[in-house]
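Bear in mind the structure is a predicted one, so any value in this text is a computation, not a measurement. One-based numbering, in listed order, for ligands and for the atoms of each.
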Amino acid sequence: MGGQSALRKPLSLLLLTSLCLLHQGAWGQPHLTYRAPDEEATSIQGVRGGSVELACDSGPTPLVVLWSFTPLGSLIPRPVAVTNGAESKVEAGASALGVVSLWNSSLVLQELREGARGHFLCQVLHSASGQLHTTYTYLTLAVLVPVSKPQVRLSDPSPVEGTSVVATCAVREGTEPVTFAWRYQAPRGPEEDLVEVTKQLLQLDPVNRTHLGWYVCSAHNAVNRLSSDGTFLDVIYGPDNPVITVEPLGLTEEGFWASEREEVTLSCHAASNPPCHYVWLHDHTQVHAGPVYLITSASHAHTGFYTCLAHNSLLDTHSQTTIRLTIYYPPEGQPSCSVLPTLGAVTLACTWPGGLPAAQLQWEGPQGTGPAALSNVTWSRTAPQLPNGGVFTCAGQHPALALPMLCRISLWEPLRSPTCWTTATAGDRFIMLSCEWPGGEPRAVLSWLNGQQQPLGTTSPSLAIHLLRAQEDLAGQEFTCRGTHPLRVPDPHCQLQLEAPQVAVAKPWVSVLEGGEAWLGCVLLGGTPPVQLLWLGPQRQQVEAGLSGFMLHPEGAQLRLSIRDADPARHRGTYQCVAHNALGNSSRSVLLEVLRYPAPPNVTISRLTYGRHRREVQLQWTVQGPGNLTGFLVQRRASAPSPEAGAWETAASDIEPESRGRRLGGLDPGVRYAFRVLALNHHTAGHPSEVKIPADPPFSAYPAVLGAAGTGVVVATVVSLLVFQYAARHPGTIPCIEPPTTTPGVDPVQEPTDAPVNVTITVTATP
Ligand SMILES: *[C@@H]1O[C@H](CO)[C@@H](O)[C@H](O)[C@H]1NC(C)=O
Ligand SMILES: *[C@@H]1O[C@H](CO)[C@@H](O)[C@H](O)[C@H]1NC(C)=O
Ligand SMILES: *[C@@H]1O[C@H](CO)[C@@H](O)[C@H](O)[C@H]1NC(C)=O
Ligand SMILES: *[C@@H]1O[C@H](CO)[C@@H](O)[C@H](O)[C@H]1NC(C)=O
Ligand SMILES: *[C@@H]1O[C@H](CO)[C@@H](O)[C@H](O)[C@H]1NC(C)=O
Ligand SMILES: *[C@@H]1O[C@H](CO)[C@@H](O)[C@H](O)[C@H]1NC(C)=O
């Protein structure tokens, strides 16, 4: 401890001495102790604000360590710190260097300041072997400054394209050398390094739209590297010529097309900064403002020129583009297919007119595709290329249709063969030859040929008709109908021969018993139809069914005539069966005989007398000789008082053949009747009996006369009585009555004739 305290004084002394020396040597006498620091000086770098330790080659146990500092550009050293090992002192002015402290002999500078740039000298005094020695350490301290955060400065942040722009990477401080790097980021693009630019200035001359974007620069020195924030370069440009797009897209030679009723979107875009304004013109008339013009349902009227005008309002510049839009529409309906027969071939025709543009038509057959054309296309195929049932399709395509429209035609052969027939028209004045062969595609073509195979008239499909004027000389002529169809070889035909009708009768002579039924048969043997069959009666009048017991029974080619209840008077005679057609007629006659039954025997009235009151008669008769009979018929007639006799009327008819008498009532006592009797054999009546007048029964004459007198009827047999009565009532007017011319001696009742009683009454009225 004593050693240490002993050292204390001498050290303080030494230090002061040394400082004096240093003072004198450094600031006054450089030639004494000063050596040029460059030669042996050790370079040390520190960074501003950082710390640095300056080590001193002090050796063991130095007595005094003195640090001094000469600022850069100055020649005058200044003491910084001193230590003797036990104590140390830092000069107050050393704070210009930073926070200065001594660690043993090392000088430690913290929070280094730029003022610490310069030369440091460490002087060490120590004793060895009883002698004082000094050593020097030279240090050169460089204080580096980091670069400050750079800033991008633009000579014009919103330049117009084509002008010149300079971007500067501004750095406030930083130890040189400072190097620069640039980075660029397009809006919404990736960041990229602009490797070729390393300078502080970035020259864009001329500036264009590709330069628009964010710029970042970075500065770099030995200490650090810092990057700026991004700075936006807003290049003003445009508008360029607009680009028009059409949705949905359809291109024509002149522009664009769209389908009728479709929604069409016209979009316009022109490169421009700031974004431009758009105006749409349709055929020079503004139709819309804005980049997108929507046609919700296109129509023919939308066809035309569309101009998009673009305007950059900042630069007041314009540009424009015009396109042509055509609205397509398909033809109406669908294609129609038809087939025309030609000789040994067919021509398939497909047509679909109209539309914009015209539809493309294409045939397709069973053996491949056929021709194609716009609106109309025909295809000729020869018979071998035409299978029966082959289907040919015509497809119509149009840009405005998603799917093609089709029509089809199926070729087929008509069934069977032509059929021929005739009909008569206009009251048989014309004969119509008809020929039919229906069906088929195409339809068969028919033509009539005469016997010399010369065509008659024109050909026609499926049905051919030829009219002939009815003439006798047509009978026997042959006509042929020929059918042609591309799928049928050889041509089928039908033939007919014109003929007058032929008839035959079942029996030329028919007999029937009276009251029976007769049948007359007639059959048509031939003749060109239509043939009219009819019967003519005995009076050469056409027989009408239902009249006079006639009935007609048509049955195929036969026409039978039945006659019921045959009556010789009405029905017997010659009948004719007549057949008639446009070519002529023929007839056959039938003789009808209506036979009577054998005549029944003669009848004689054996007794005819009045019953009571003359209201009935009793009749008896006898039959003369043999003979077949089926009954009797009693007839009566009134014979008086009318001058002429009345007609015979039937008094009784249902009398059995065995009967020989009959009581007949219902008589008028005031009428004088005559009677007769006929025998019947079926319908045949025999000779009538003689006519008789009934006789009064012998005992009842007077009451009968009295009964009759009231009626005013004068009977010949009671003339006197009547005269008497009349005279009694009307005296003075006596009628003169001539007696009847009766045969004397003959019983008036048995009078053989019914001749009227000739009575003349003369009445003279005497007032
Ligand atoms: C000073 O030196 C002594 C002995 O050589 C050592 O033990 C000590 O740590 C040093 N102090 C500093 C601050 O370096
Ligand atoms: C813009 O400038 C760059 C470089 O200067 C050049 O490569 C580019 O072709 C230019 N672009 C246009 C559109 O002028
Ligand atoms: C198509 O055919 C029809 C009838 O055959 C005709 O009238 C028309 O002119 C044709 N059209 C074209 C474009 O050929
Ligand atoms: C039948 O033909 C002849 C001669 O042609 C004619 O006189 C007669 O009237 C015809 N008869 C009928 C029923 O047509
Ligand atoms: C039947 O009477 C008729 C006429 O009165 C007569 O002519 C005929 O000869 C008579 N027949 C017989 C068989 O007497
Ligand atoms: C009467 O008729 C029968 C059958 O009807 C016949 O056999 C007979 O010969 C006929 N008599 C006379 C007289 O005709």
Side-chain angles (χ1 to χ4, degrees), residues 152 154-169 181-199 201-217 231-243 269-276 310 312 314-315 317 319 321 596-606 608 619-635 637 645 648 657 660 674-682 684-693 750-755:
V152 176
L154 298 170
S155 62
D156 181 355
S158 302
V160 175
E161 190 175 37
T163 59
S164 163
V165 172
V166 177
T168 309
C169 189
W182 288 88
R183 267 178 302 145
Y184 164 73
Q185 185 179 19
R188 294 180 298 280
E191 227 180 3
E192 55 179 298
D193 289 322
L194 302 174
V195 286
E196 70 274 18
V197 187
T198 53
K199 298 204 198 100
L201 296 185
L202 174 64
Q203 185 97 22
L204 300 171
D205 186 18
V207 69
N208 68 29
R209 63 196 66 183
T210 64
H211 299 133
L212 183 145
W214 296 94
Y215 287 83
V216 172
C217 74
T231 297
F232 192 77
L233 177 66
D234 195 19
V235 181
I236 306 301
Y237 60 90
D240 289 354
N241 283 337
V243 174
H269 177 75
S272 172
N273 185 35
C276 53
N312 184 327
L314 191 65
L315 296 173
T317 47
S319 63
T321 299
R596 291 176 181 275
Y597 287 91
N602 286 356
V603 182
T604 306
I605 295 173
S606 55
L608 178 61
L619 179 64
Q620 287 177 358
W621 62 84
T622 58
V623 173
Q624 298 176 358
N628 276 343
L629 52 86
T630 54
F632 294 94
L633 181 68
V634 178
Q635 293 179 320
R637 74 177 176 195
W648 287 107
R660 295 292 183 271
F675 289 88
R676 67 180 189 181
V677 180
L678 300 94
L680 294 175
N681 185 2
H682 299 283
T684 303
H687 291 286
S689 66
E690 74 281 32
V691 176
K692 287 219 168 157
I693 295 171
Q750 296 296 325
E751 198 176 39
T753 68
D754 63 343

- Query: Considering residues at least two apart in sequence or located in another chain, which fulfil the ring pair (Phe, Tyr, Trp, His ring centres under 6.0 Å) criterion with H211?
  - Reply: none
- Item | Where N312 and N273 come nearest, the two heavy atoms and their spacing | ND2-O, 3.4 Å
- Note on the structure: So the atoms of ligand 5 within less than 4.0 Å of a heavy atom of N602 turn out to be 1 (C), 2 (O), 3 (C), 8 (C), 10 (C), 11 (N), 12 (C), 14 (O)
- Message: side chain to side chain contact (heavy atoms under 4.5 Å, CB included), that's the test. Do W214 and V152 meet it? Break it down for me.
- Response: CA-CA 10 Å; W214 296 94; V152 176; over 6 Å; no
- Task: For T321 and P242, indicate whether the former's side chain and the latter's backbone hold a donor-acceptor pair under 3.5 Å.
- Result: yes
- Can you say whether the rings of W182 and Y215 are parallel (under 30°), tilted (30 to 60°) or perpendicular (over 60°)? perpendicular
Note every protein N or O atom lying under 3.5 Å from an N or O atom of ligand 2, pairing the names and giving the distance.
{"residue": "ligand 2", "atom": "2 (O)", "partner": "N208", "partner atom": "OD1", "Å": "3.4"}
{"residue": "ligand 2", "atom": "2 (O)", "partner": "N208", "partner atom": "ND2", "Å": "2.3"}
{"residue": "ligand 2", "atom": "11 (N)", "partner": "N208", "partner atom": "ND2", "Å": "2.6"}
{"residue": "ligand 2", "atom": "14 (O)", "partner": "N208", "partner atom": "ND2", "Å": "2.9"}

- Query: Atom OG of S689 and atom CG of L678: how far apart are they, to the nearest 0.5 Å?
  - Reply: 6.5 Å
